[in-house]
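Here is the structure we will look at, set down as structure tokens.
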Amino acid sequence: MKKIMVFFLVILTLTFVACGKNEDIGSFLDKEKITSEFTIVEEDENRIELRDKDENRPVYRALVFKKMSSDSFKNPNKTDVLEEKYIEDGFDIIYKDTETIIIGGYDSNTYVYNIHNFDDTKTELSILVSVVSYEELSKIYLLGILKNIKTFIK
């Protein structure tokens, strides 16, 4: 009887741990800090889209935090797939590792960058930062933007 009771307690504990991964995306983000810099454009339980409050910033940022399915998140080739797609679309790969890929391009006197990051500190979280600038930005500067954005994760 004790073995059965322990077995059920273990199953119950594992269920609660697994349920933590199913929390609303807002529970993983510091919304107070986010809304000091960004306007929430769209939000649901798995995705939140944000834009800089100051639309005239010299380096304008838009963000998307999204929970991914475990299968997609655990795909070891996810940055490779993004790399291939961006190269096909004519973008340059500025930086790439197993968690992050930064792409860039130039169009009509404007530099555009996308920073994709996959963060597993709380859940299967995909972060997309789109950056628009009239000046070319360095890899170090773009990684700094990502580092700043990751401070919004609790």
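These figures come from a predicted structure and were not determined experimentally.
- In this view, Tyr106 and Tyr111 satisfy the ring-ring contact (aromatic ring centres under 6.0 Å, His included) rule, not counting sequence neighbours.
- Tyr113 contributes a side-chain N or O that, together with a main-chain N or O of Leu137, makes up a donor-acceptor pair within less than 3.5 Å.
- With values rounded to the nearest 0.5 angstrom, Ile102 atom CD1 is found 5.0 Å from Ile115 atom CD1.
- Under the side chain to side chain contact (heavy atoms under 4.5 Å, CB included) criterion, Thr110 pairs with Val112, Val132, Tyr134, sequence neighbours left out.
- Contacts of Ser69 classified as side chain to side chain donor-acceptor pair (under 3.5 Å), with partners at least two apart in sequence or in another chain: Ser72.
- Residues Leu82 and Asn114 form no side-chain contact, since every pair of their non-hydrogen atoms from C-beta on lies 4.5 Å or further apart.
- Taken to the nearest 0.5 Å, the CD1 atom of Ile34 stands 5.5 Å off from the CD1 atom of Ile48.
- Lys154 and Ser27 get closest at one heavy-atom pair: CD-O, 3.6 Å.
- Residues Ile103 and Asp89 have side chains not in contact (no heavy-atom distance under 4.5 Å, counting atoms from C-beta outward).
- Contact detail for Thr98 and Thr79: the closest heavy-atom pair is O-CG2, 3.9 Å.
- Hydrophobic clustering (side-chain heavy atoms under 4.5 Å, transitive across Ile, Leu, Val, Met, Phe, Trp, Tyr) groups Leu125 together with Ile40.
- The number of heavy-atom neighbours closer than 6.0 Å to NZ of Lys78, taken from other residues, nucleotides and ligands shown, is above 12.
- Every residue two or more places apart in sequence or in another chain that forms a side chain to side chain contact (heavy atoms under 4.5 Å, CB included) with Ser138 is listed here: Ile140, Tyr141.
- Here the closest heavy-atom approach between residue Val41 and residue Arg51 is recorded as CG2-CG, 3.2 Å.
- Identified under the salt bridge (charged side-chain N to carboxylate O under 4.0 Å, His left out) test for residues 142-151, with sequence neighbours left out: Asp119-Lys150.
- For residues 90-101, every residue pair satisfying the salt bridge (charged side-chain N to carboxylate O under 4.0 Å, His left out) rule, not counting sequence neighbours, is listed here: Asp80-Lys96, Glu83-Lys96.
- Among pairs with a residue in residues 31-69, those fulfilling ring-ring contact (aromatic ring centres under 6.0 Å, His included) read Phe38-Phe152, at least two apart in sequence or across chains.
- Take Lys139 and apply the side chain to side chain contact (heavy atoms under 4.5 Å, CB included) test, not counting sequence neighbours, and it matches Ile94, Tyr95, Leu143.
- Taken from CD in Glu124 to NZ in Lys67, the straight-line distance is 8.5 Å, to the nearest 0.5 Å.
- Taking CG of Asn117 as the reference point, atom CD1 of Ile127 lies at 4.5 Å (rounded to 0.5 Å).
- Of the inter-residue distances, the one linking Thr100 atom OG1 with Leu146 atom CG reads 5.5 Å to the nearest 0.5 angstrom.
- With sequence neighbours excluded, no residue forms a side chain to side chain contact (heavy atoms under 4.5 Å, CB included) with Val81.
- Taking 4.5 Å as the limit, every side-chain heavy atom of Ile25 sits out of range of all side-chain heavy atoms of Asn46.
- In this structure, Leu128 belongs to a hydrophobic cluster whose other members, linked by side-chain heavy atoms under 4.5 Å apart, are Val64.
- Under a cut-off of 6.0 angstrom, the local environment of NZ in Lys85 is sparse, with at most 12 non-hydrogen atoms contributed by other residues, nucleotides or ligands.
- With contacts defined as side-chain heavy-atom distances shorter than 4.5 Å, the pair Val59/Val131 qualifies.
- Looking at residues two or more places apart in sequence or on another chain, you find a ring-ring contact (aromatic ring centres under 6.0 Å, His included) between Tyr86 and Phe91, His116.
- Legend: side-chain hydrogen bond (donor to acceptor under 3.5 Å, both in side chains) pairs involving residues 32-44, not counting sequence neighbours, sorted by first then second residue: Lys31-Glu43, Lys33-Thr151, Glu37-Arg61.
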